[in-house]
Structures are given as structure tokens and as C-alpha cells.
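Here is the naming used below: chain letters follow the sequence lines, and residue numbers restart at 1 for every chain. Excluded from the calculations below are hydrogen atoms, water molecules and symmetry mates; all remaining heavy atoms, backbone and side chain alike, are included.
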Number of protein chains: 2
Amino acid sequence: MYFCAMYSSELIKGTLKTIILKLLKSNGKMYGYEITQRVKELTNNKIQITEGALYPTLHLLEKEGEVETETENIGKRVRKYYTITPKGKVTVNLKVNEFMDFMNTMKFLLDLELDVGHAAK
Amino acid sequence: MYFCAMYSSELIKGTLKTIILKLLKSNGKMYGYEITQRVKELTNNKIQITEGALYPTLHLLEKEGEVETETENIGKRVRKYYTITPKGKVTVNLKVNEFMDFMNTMKFLLDLELDVGHAAK
DNA sequence: TTTTATACCTAAGAGAATTATGTATTACGC
DNA sequence: GCGTAATACATAATTCTCTTAGGTATAAAA
């Protein structure tokens, strides 16, 4: 069912809040389903946020005051828009910086070719 | 007790096997405690592998055939050395490539400054 | 009219780490 | 010579975050 060039799921762990907040920061108000679609599209299906992960995270972010909601009626359907708060903007900057730093560290670790001489391919 | 400029622990999740295999590949045989110290040193204390995470992972890697062990007696103490297997070398290349790809995708996502005009700092 | 896409949600379970222990040897400080 | 810190292994209980699976309902497309 999944046409996965997707990353193994452990990798993505810990990045969900960062991704959501970053999208909301640079993209303005979005609703849940839209977030999943946008991420999928921007990453060529490599990152697919499941709804079981998304909605609980959005609710948590709201409880923490990182995002705010407003509902909009589309026909008979209710759509819930999320907007990043000032607190959320602080958080997202911290998180993005931390992740960038982490990537540099990992790149350093994974690029190392040390002593041993045979430096196996 | 921890003098953490350390990364928030969720970030590191999913990268442990990759780090261990990569170190063993480029560094030759190493024992558990040595791995934790080397990683700590190479990352300026930013990544500190806990023993509760390390040992179960090493045992798993052995069970999966990614690494092999040999014990060495240092005085009265037993030291357990780990070496990467040919299978492990294939795995580590896949994992490193996947992680590098993942980092590029994340960098793309987190660097985006989209439409909205106000492009909040 | 039936299937697919949109749109929200929660609950049970899995997986990978943390935290807390436990054991024992060796080196260092005083 | 004696206590503390560092070395070195290990496991168990718990926590956290996500997956899998389920549920509801409207709108569009086939």
C-alpha cells in the first residue's frame, strides 16, 4: 500500500514537532490534512506523516501554547486551522537550530575515515 | 550530573545502530565502553550514548550478524571486542546513505521560506 | 452508486531509548 | 590503606513517540 522510497520510521522520530512548527511558521495557517499533504509533496513521498501521529501532536502543541486554532466551516464540514504563536516561533527557531547542529555533528561522524589503513569501502 | 549541551534525546533516536556500525567500520575492533567514550569525544559531549542503550543494541547487532565478538582478558577483567562483519559493512553503507538523504530532505524542509510575504524571522 | 479523496479523531500496541539498578576491577587522591 | 572515580560489563522497569488499526462523516469522481 505504501510506495515507500520512505525513510525507515525510526529516523523521522523526534522531528515531527519541528516539521509542523516550521511549516506553520513559513506557510501561515494550515489545517491538519493539508500539513500531511504538503510534507508529502515537498519531500517527494519520502516523509509521510500519518494521521495517528499528526493529530495527537497538534493537540499537544496547542496545549503547550505553541499553536492556536480557529475553525472554519466548509459546507457541512468543519476544518480546523492551526497558526503558530509567538511562543511557537521561539520554539521553532530553537528546534531548527538544534537540528541543524545535530546534522552537522552526524555528518562529521558519518564522514570520518579513520586510521585503520584498509578504510573499507 | 549531565553537562548537556547534549541534543534533546528524541533527535538521536534511530541513529544509534548507524553510529555504532560506522565507528566499527572505520575504526576497526572496539569494545562497548570505548564506543561510548569515542562518540562523546568526537562530538564534544553532544552525543552521549548511555549504556542502557548501547549494550542491548550491540547484542542485537550480534544476533543479526552485523557484528562479531571476541573477548580479551585484561588482568581479571573481561573485555568484549566487537568487529563489523561483511554483512554489517553492507548494512552500514545503506544506513549512512539513507541518513545522508534524510538530512538533505530535512535541510530542504527546514530552510524553506515560503510565500506568505511576512517571512517571519 | 460505489469508490476515492477529504477531514477529523482516538486507542492499543510496538520500538527505541532513558533511568535505575546491579556487579566487579582498576586507578587515583590523600 | 581507604574511599572515590573511572573502567567495564549487564539487565529490568518505565517512558516517550510513533505505527497500526479503528471509527465517523462529507464531497468528488468514476
Side-chain angles (χ1 to χ4, degrees), chain A residues 1-4 6-21 29-41 45 47-64 67 69-82 95 99 102, chain B residues 1-4 6-21 29-41 45 47-64 67 69-82 95 99 102:
Chain A
M1 199 59 64
Y2 303 101
F3 24 98
C4 310
M6 263 194 78
Y7 301 121
S8 60
S9 60
E10 322 91 58
L11 270 193
I12 299 162
K13 267 182 190 176
T15 61
L16 188 54
K17 274 188 183 180
T18 310
I19 292 173
I20 292 173
L21 288 175
K29 76 175 188 181
M30 298 180 81
Y31 55 98
Y33 187 78
E34 188 185 6
I35 293 174
T36 65
Q37 298 309 303
R38 185 66 62 92
V39 171
K40 198 172 144 183
E41 188 185 294
N45 299 314
I47 297 179
Q48 293 182 26
I49 300 176
T50 61
E51 299 190 322
L54 176 76
Y55 290 111
T57 301
L58 283 172
H59 300 159
L60 184 60
L61 286 172
E62 189 182 8
K63 216 171 69 182
E64 292 172 346
V67 302
T69 60
E70 56 187 301
T71 54
E72 193 168 302
N73 287 56
I74 309 292
K76 280 179 186 169
R77 205 187 279 164
V78 177
R79 193 181 276 171
K80 202 164 162 187
Y81 278 98
Y82 289 84
K95 281 187 170 292
F99 193 76
F102 173 65
Chain B
M1 197 61 62
Y2 303 101
F3 25 97
C4 311
M6 264 193 78
Y7 301 120
S8 60
S9 60
E10 323 90 58
L11 271 191
I12 299 161
K13 269 183 190 176
T15 61
L16 188 55
K17 274 189 182 178
T18 309
I19 291 174
I20 292 173
L21 288 175
K29 78 174 184 181
M30 298 180 83
Y31 54 98
Y33 187 76
E34 188 186 7
I35 293 174
T36 64
Q37 298 309 302
R38 185 65 61 92
V39 170
K40 198 172 144 183
E41 191 185 294
N45 300 314
I47 297 180
Q48 293 182 28
I49 301 176
T50 61
E51 300 190 317
L54 177 76
Y55 291 111
T57 301
L58 282 172
H59 301 159
L60 184 61
L61 286 172
E62 189 182 9
K63 215 171 70 181
E64 292 172 346
V67 301
T69 60
E70 57 187 300
T71 54
E72 194 169 302
N73 286 58
I74 309 291
K76 280 179 184 168
R77 206 186 277 164
V78 177
R79 193 181 275 172
K80 202 164 163 187
Y81 278 98
Y82 290 84
K95 280 187 169 293
F99 192 76
F102 173 64

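Residue-to-nucleotide proximity on DNA chain C shows that, of B:Lys17 and A:Tyr82, the 5′-proximal contact is made by A:Tyr82.
When the C1' atom of D:dT17 is taken as reference, atom CG of A:Leu58 falls 15 Å away, rounded to whole Å. Here the P atom of nucleotide D:dT11 and the CG atom of B:Leu60 are 12 Å apart, to the nearest Å. Distance NZ (A:Lys29) to P (C:dA7): 13 Å, rounded to an integer number of Å. At whole-Å resolution of the value, CD in A:Glu10 and P in D:dC18 are 12 Å apart. One atom, CD of A:Glu72, and another, P of C:dA7, lie 11 Å apart when rounded to the nearest Å. Summarising the geometry, the separation between CG on B:Leu54 and P on C:dT19 is reported as 16 Å, rounded to the nearest angstrom. The nearest whole Å value for the distance from the OH atom in B:Tyr7 to the P atom in C:dA17 is 17 Å. The nearest whole Å value for the distance from the NZ atom in A:Lys40 to the P atom in C:dA7 is 13 Å.
The side chain of B:Tyr31 places an N or O atom within less than 4.0 Å of a non-bridging phosphate oxygen (OP1 or OP2) of D:dA8. At the phosphate of C:dC9, OP1 or OP2 sits under 4.0 Å from a side-chain N or O atom of A:Lys80. For B:His59, no side-chain nitrogen or oxygen approaches OP1 or OP2 of D:dC9 to under 4.0 Å.
Looking at residues two or more places apart in sequence or on another chain, you find a side chain to side chain donor-acceptor pair (under 3.5 Å) between A:Tyr81 and A:Arg79.
Nearest nucleotide to the side chain of B:Tyr55, out of C:dT10, D:dA8, D:dT7: D:dA8. Between C:dT10, D:dT19, D:dT17, one nucleotide has an atom nearer to the side chain of A:Lys13 than all others, and that is D:dT17. Among C:dT18, D:dT11, C:dA5, the nucleotide with an atom closest to any side-chain atom of A:Tyr33 is C:dA5. Side-chain proximity of B:Arg79 to the nucleotides D:dC18, C:dT18, D:dA8 is greatest for D:dA8.
Under the 4.5 Å side-chain criterion, counting only non-hydrogen atoms from C-beta, B:Thr15 is not in contact with B:Phe102. In this structure, B:Glu72 and B:Ile74 have side chains that are in contact, with non-hydrogen atoms separated by less than 4.5 Å. Within the 4.5 Å cutoff, the side chain of A:Lys29 has heavy atoms near those of the A:Glu70 side chain.
Looking at A:Leu61, A:Leu21, A:Leu58 one by one, the single match for side chain to side chain contact (heavy atoms under 4.5 Å, CB included) with A:Tyr82 turns out to be A:Leu58.
The shortest heavy-atom contact between B:Tyr33 and B:Thr36 is O-OG1, 2.6 Å.
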Polar atoms only, N or O, under 3.5 Å: list the protein pairs with nucleotides 22-25 of chain C and their distances.
residue: C:dT25; atom: O2; partner: B:Arg77; partner atom: NH2; Å: 2.1

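Counting any heavy atom pair closer than 4.0 Å across all strands shown, A:Gly32 reaches sugar-phosphate atoms only and no base atom.
Using a distance-only test at 3.5 Å, with no hydrogens or angles considered, a donor-acceptor pair links the side chain of B:Gln48 to the main chain of B:Asn45.
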